[in-house]
Amino acid sequence: MPEIVDLEIFKKNLEKRFKNKKLQKVEIGSGAKIEASEKDFEKALSGKKLKSVDRKAKELYFNFGDDQVVSMHLMLHGQLSTPETLPKAFVAAFLFEGTEPLVLSDYQKAAKISLNPKENMVVDALSDEMTPEWLEAQLKKRRSPVKTVICDPKIIGGIGNAYADEILWEAKIHPESIANQIPAKEVHKLAKAIKSVVNDSIEKIRESNPDIISGEIRDFMVVHNHKRKTSPTGGQIKNATVGSRKTYYTDEQIKY
DNA sequence: AGGCGTGTTCTAAT
DNA sequence: TATTAGAACACGCC
């Protein structure tokens, strides 16, 4: 269940481990939801070196130069690993020269990769386009709960259920606030909280787990954390269902 | 042992 | 038409 924070870490670490490595072969597991065939991958990529790994929303992009890109979405349960030998079930395996294969597995087979996908036009939560003014304009158009809006991958890319709670607590906005009722000043606070919570979390995980390419660290979360009874400022943590997702919040957050 | 959790997409309703 | 609500997916985990 990786969100933007985890993916930023994975991106850096994948780049560190595979940049400039030559791709020999891509193997596709049975039952994987992939449009391109092994042959398509071979034609497009074999012998090419990985140039960079990028991220937009919850998708990773492996850039092999010559405009050849593989996108990867882990969905809920996709996991990356670098085993010495291929496991019996996987979605896709990238065999690089002189190093362990990069394997994407997913027991649910919902994780997806594609070859040269069309660009996802959504505004990424960490991008420069995601300004207070932009967020204000988006929220003005909606009358659903603010948490639903900031988790909507069609509106803003990267934020999932867990970080949404952390961000809304930081901004002191109640998750069920109706998006278009939130005063501009508070929306601006929310935009700042998105960036600061995400960036601070990246830093925390990098300190404690510098090399991970899978799994998610959640133990530092201050409200979306079933081990905690109170927020750092002493507010009792409550829970509710918002947009059919479990939501943690405190009365320190104002409902608009 | 039986819900819960999770991101996205799809359908249906407003 | 555009927006919104809710179901569905699938299964390891507690």
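Chain naming here is simple, since letters A, B, ... match the order of the sequence lines and numbering starts at 1 in each.
- Taking atom NZ of A/Lys140 as the reference point, atom P of C/dT3 lies 15 Å away to the nearest angstrom.
- Using a 4.0 Å heavy-atom criterion, one finds that A/Lys154 contacts the sugar-phosphate atoms exclusively.
- For the pair A/His73 NE2 and B/dG7 P, the interatomic distance rounds to 9 Å; values are reported in whole Å.
- When the C1' atom of B/dG7 is taken as reference, atom CD of A/Glu216 falls 13 Å away, rounded to whole Å.
- Between C/dT3 and A/Arg143, no contact under 4.0 Å exists linking OP1 or OP2 to a side-chain N or O.
- Distance from the side chain of A/Lys246 is smallest to B/dG5 among B/dG5, C/dT4, B/dT8.
- Taking atom NZ of residue A/Lys141 and atom C1' of nucleotide C/dA2, one finds them 11 Å apart after rounding to whole Å.
- Other members of a hydrophobic cluster containing A/Met121 are absent, since no ILVMFWY side chain comes under 4.5 Å of it, directly or through relayed contacts.
- A/Arg17 and A/Asp211 get closest at one heavy-atom pair: NH1-O, 4.2 Å.
- Look at A/Lys58 and you'll find a side-chain N or O under 4.0 angstrom from OP1 or OP2 of B/dT8.
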At a cut-off of 3.5 Å, list every protein nitrogen or oxygen paired with a nitrogen or oxygen from nucleotides 9-12 of chain C, distance to 0.1 Å.
{"unit_1": "C/dA10", "atom_1": "N3", "unit_2": "A/Gln108", "atom_2": "OE1", "d": "2.7"}

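- Closest approach to the A/Asn161 side chain among B/dG7, C/dT4, B/dT8 is made by B/dG7 (side chain taken as heavy atoms from C-beta onward).
- Here C/dC13 presents its C1' atom at 11 Å from NE2 of A/His226, a figure rounded to the nearest Å.
- Side-chain atoms of A/Ser196 and A/Glu170 include no donor-acceptor pair closer than 3.5 Å.
- Between A/Lys109 atom NZ and B/dT8 atom C1' there is a gap of 19 Å when expressed in whole angstrom units.
- Straight-line distance from the NZ atom of A/Lys147 to the C1' atom of C/dT4: 17 Å, rounded to whole Å.
- In this structure, A/Ser244 reaches neither bases nor backbone, as no heavy-atom distance under 4.0 Å exists between it and the strands shown.
- A/Met75 places its CE atom 11 Å from the P atom of B/dC10, with the value rounded to the nearest Å.
- Relative orientation of the A/Phe94 and A/Phe41 rings is perpendicular, given thresholds of 30° and 60° on the angle between their planes.
- Nearest heavy atom pair, residue A/Pro145 against residue A/Glu176, reads CB-CA, 4.1 Å.
- A/Glu166 approaches A/His224 most closely through the heavy-atom pair OE2-N, 2.8 Å.
- Scanning both residues, A/Leu126 and A/Lys195, for their nearest heavy atoms gives O-NZ, 3.7 Å.
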